[in-house]
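These notes concern the structure reproduced below.
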Amino acid sequence: MTMIKFLTDGVLIREMMEDPLLSKYSVIMIDEAHERSISTDILLGLLKKIQRRRPELRLIISSATIEARSMSTFFSNRRKNSLLKPADGLPNPEPAILSVEGRGYTVETHYLEEPVSDYLQAAVNTVLIIHEKEPPGDILVFLTGQDDIDAALKLLNDEIQHLGKHYFDLVILPLYSGLPRGDQDLIFAPTSKGKRKVVISTNIAETSLTLEGVVYVVDSGFSKQKCYNPISDLESLVVAPISKASARQRAGRAGRVRPGKCFRLYTEEYYLNEMQSDGIPEMQRSNLVSCIIQLKALGIDNILGFDWPASPSPEAMIRALEILFSLGILDEDAKLTVPIGFQVAEMPLDPMISKMILSANDFGCSDEILTIAAFLSVQSVWVSMRGVKKEFDEAKLRFAAAEGDHVTFLNIYKGFHQSGKSSQWCYKNFLNHQALKKVIEIRAQLVRVMKRFGIQLKSCDRDMQAVRKAIIAGSFANSCHLEEYGQNGMYKTIRTSQEVYIHPSSVLFRVNPKWVVYQSLVSTDKHYMRNVIAIEPSWLTEAAPHFYQFRTPNPAPH
DNA sequence: GAGCACTGC
C-alpha cells in the first residue's frame, strides 16, 4: 500500500535525525521550493546528498517557473561527484522540467507611466480610480508594514469624506499578523451587496493568507525583508524592493475567482530592467545558529563545504560556529558536545533558549524556566490596543516585575492559572487568550522533552535570582550596559559596543537598569532589545568566564 | 513609545 504523508520541510529534516537516508520514503515532493525558506534550502542540500546514496529515490521539486532552471542545475551537477551511472530501472539522474498549468485566471497588468516618490498616495489614488472605473470586485493593496497600512487607511478615509457618497461603498480593512484575531476575521466576512472591500495588507496576503473575491491587486513594489549582518550579528527589518517572482505572486492574487487586474505602482521599464528576478534566499539573510546545529546533528561536519542551493557567507557560518562554541553546544573540533549539544539539537527552539532550559536545573528552577521558554515561543501575549493606551499600561503594571519581562511572564502565567484559564480574565487584562492557551500547550510539550532527557522538574519558588541566572546561562552573550551620560536610555552591547535601546513593549522600558540581558534584538529605526531582564554584572563572568574574561571592558563613558 | 512573514515539540 502506498501512503502519502503531508508535512513541513522542517519536520522532514527532524525525521532525518532518526533516519538519515529517509529510507521509508520512495518519492519526496517539495512544494513551493521557489520561496527559498531556510528549511527548504537545507532540505534541498540534504536530498541532493541522499540521492548519491539512494539513486532510486525520486524527487519532485515544485517551484515557480522563474526558479525551475536554477533548481534543475543544482540537481544535475550531482553526477560529477558521483561514481553512479544510470542503471536499468533507475530514474534518469538528469532532472526533467515539467510545466503544470496553474488554475488561476489571467491577470491584466498595468504599470505607471512615470515613477512616483510617494507610493502611499499612489496606492490610495489607484484604489479610488479602480472604484470609479472598474466593475465590482474586491481590491487587495500590498504595502510594507503596520505604519504604512495605518497611514494609507487614514489617507483613504479622508479622501472618501471629501469625495462623498459614491465612495461610502468602500469597506476598508487593514491586514497584518499583529492585528487582533477578531479584526483579522473581518477580512473573511462577506461584504454586503453593493459594497466593495479594500484590504490593505502586508506580505501576509502574498502567500500565507488567501482572500477570495479579490479581483484587483495594487502592488507597491516594496516589502519589509529580513537582513543579517554577520559582522555585527544583527538582524534587521528593512523596506526593500520586491523581486519579479514576488510581483508575479502578488498579481496572481487577483485571478483566483475570475480574470483580474494588477496595478503596479512602478514603471514597466523598471520591472523589465531593474527588478531582480528572484529574492535573496532567506539563508543568506539570517543568523545561521539553528541551521548549523541541525546539520551538525545530522552528522554533517564540514559545514563550509556543504553543497547548498545558495551558499551563505563564510562570515555568517563562522559567526554561528563561534556562538555555538561559546554556549558549549560545539566543542573545539566543532562537534556537538555530549549531552548538551545533542540535547539542544533535539529541541525545536532557539539554541539560546534550549541552553537556558538545560541549565535551569543547576539553579533549581526548571519549572519556572519552562514557562518562560513557552512564553518566548509565542508572538506576544498582549493584545495591542492603540486607542486605550492608558488602561493597557495599567493592566501591564499589574503583572510587571522589577526584574524584567521574563519574571513578568511568570506572574501572568500564575494569574492565568488562578483565573481557571478564563478568557474573561484575559479580556480584562488585555491578554491574548489564544496566545496563553498556546503557552500552556508549548509548555506541556517541553515538559515531555525534558522527561525524555530524564530531567526532573524543580521549582525555585520565589527565588528570582536563580531564574535570572538560568536565563543568563543561555543569553550571556546578549549583555548590555546603560550609557550613564547618554540620554534616552541608550545601552551598548558588551560584545560589540552596539547602540541598543529597550523596546517600548518591555516592562523595563524607561526603567533602564544599569545592566541588562536581552533575549532578542529587533532592528527597525533603532536596535531594540525585546524581553529584557536586569542583572548583576558579576553574574556574567560567573556564567561564562570563557566568554568574558579576556575581553576588553566596555569603554568608559566620558 | 513600537511589531514583514513563517516553522519546530
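Residue numbers begin at 1 in each chain, while the letters A, B, ... track the order of the sequences. In this text, all values refer to a predicted model and were calculated from it rather than measured experimentally.
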Under the ring pair (Phe, Tyr, Trp, His ring centres under 6.0 Å) test, residues paired with A/Phe509 that sit two or more places apart: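 Expected list: none.
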Residue list, ring pair (Phe, Tyr, Trp, His ring centres under 6.0 Å) with A/Tyr216, at least two apart or on another chain: none
Any A/Ser223 side-chain heavy atom under 4.5 Å of A/Thr202 side chain: no
Starting the side chain at C-beta, find the nucleotide from [options] nearest to [X].
| X | options | answer |
| --- | --- | --- |
| A/Asp393 | B/dA5, B/dG1, B/dC9 | B/dG1 |
| A/Phe509 | B/dC4, B/dA5, B/dG1 | B/dG1 |
| A/Arg510 | B/dG1, B/dG8, B/dC9 | B/dG1 |
| A/Val449 | B/dC9, B/dG3, B/dA5 | B/dC9 |
| A/Ser177 | B/dC9, B/dA5, B/dC4 | B/dA5 |
| A/Pro504 | B/dA5, B/dG3, B/dA2 | B/dA2 |
| A/Thr202 | B/dC9, B/dC4, B/dA2 | B/dC4 |

Between atom [atom1] in [X] and atom [atom2] in [N], what is the gap in whole Å?
| X | N | atom1 | atom2 | value |
| --- | --- | --- | --- | --- |
| A/Asn287 | B/dC6 | CG | P | 20 Å |
| A/Phe6 | B/dT7 | CZ | C1' | 19 Å |
| A/His527 | B/dG1 | NE2 | P | 18 Å |
| A/Phe222 | B/dA5 | CZ | P | 18 Å |
| A/Lys224 | B/dG3 | NZ | C1' | 8 Å |
| A/Ile149 | B/dG3 | CD1 | P | 14 Å |
| A/Leu376 | B/dC9 | CG | C1' | 15 Å |
| A/Glu235 | B/dA5 | CD | C1' | 13 Å |

What is the nucleic acid contact for [X], judged by heavy atoms within less than 4.0 Å: base, sugar-phosphate only, or nothing?
| X | value |
| --- | --- |
| A/Val239 | nothing |
| A/Ser377 | nothing |
| A/Glu346 | nothing |

Would you mind writing out the side-chain donor-acceptor pairs for residues 449-457 of chain A within the sub-3.5 Å range, not counting sequence neighbours?
residue: A/Arg452; atom: NE; partner: A/Glu346; partner atom: OE1; Å: 3.4
residue: A/Arg452; atom: NH2; partner: A/Glu346; partner atom: OE1; Å: 2.6

Using atom types as modelled, flag every donor-acceptor pair under 3.5 Å from a side chain in residues 438-445 of chain A to any protein atom, sequence neighbours excluded.
residue: A/Arg443; atom: NE; partner: A/Thr371; partner atom: OG1; Å: 2.8
residue: A/Arg443; atom: NH2; partner: A/Asp367; partner atom: O; Å: 3.0
residue: A/Arg443; atom: NH2; partner: A/Asp367; partner atom: OD1; Å: 2.9

Positions of residues 349-359 of chain A (non-hydrogen atom under 4.0 Å from DNA chain B), listed by number: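 Listed by number, they are A/Leu349, A/Asp350.
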Rounded distance [0.5 Å steps], OG in A/Ser377 versus CG in A/Leu349: 5.0 Å
5' precedence on DNA chain B between A/Met347 and A/Leu175 (nearest-nucleotide basis): A/Leu175
Residue closer to the 5' end of DNA chain B, A/Leu237 versus A/Glu441 (nearest nucleotide):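 The answer here is A/Leu237.
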Within residues 427-437 of chain A or reaching into it, pairs that qualify as salt bridge (Lys or Arg N to Asp or Glu O under 4.0 Å) - sequence neighbours excluded: none
salt_bridge(A/Glu484, A/Lys514) N-O dist < 4.0 Å: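 Looking at A/Lys514 together with A/Glu484, the answer is yes, because their closest N to O distance falls below 4.0 Å.
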Under 4.0 angstrom between A/Ser223 side-chain N/O and B/dA5 OP1 or OP2: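 So the side-chain polar atoms of A/Ser223 never come under 4.0 Å of the phosphate oxygens OP1 or OP2 of B/dA5.
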Phosphate OP1/OP2 of B/dA5 contacted by A/Thr207 side-chain N/O (<4.0 Å): no
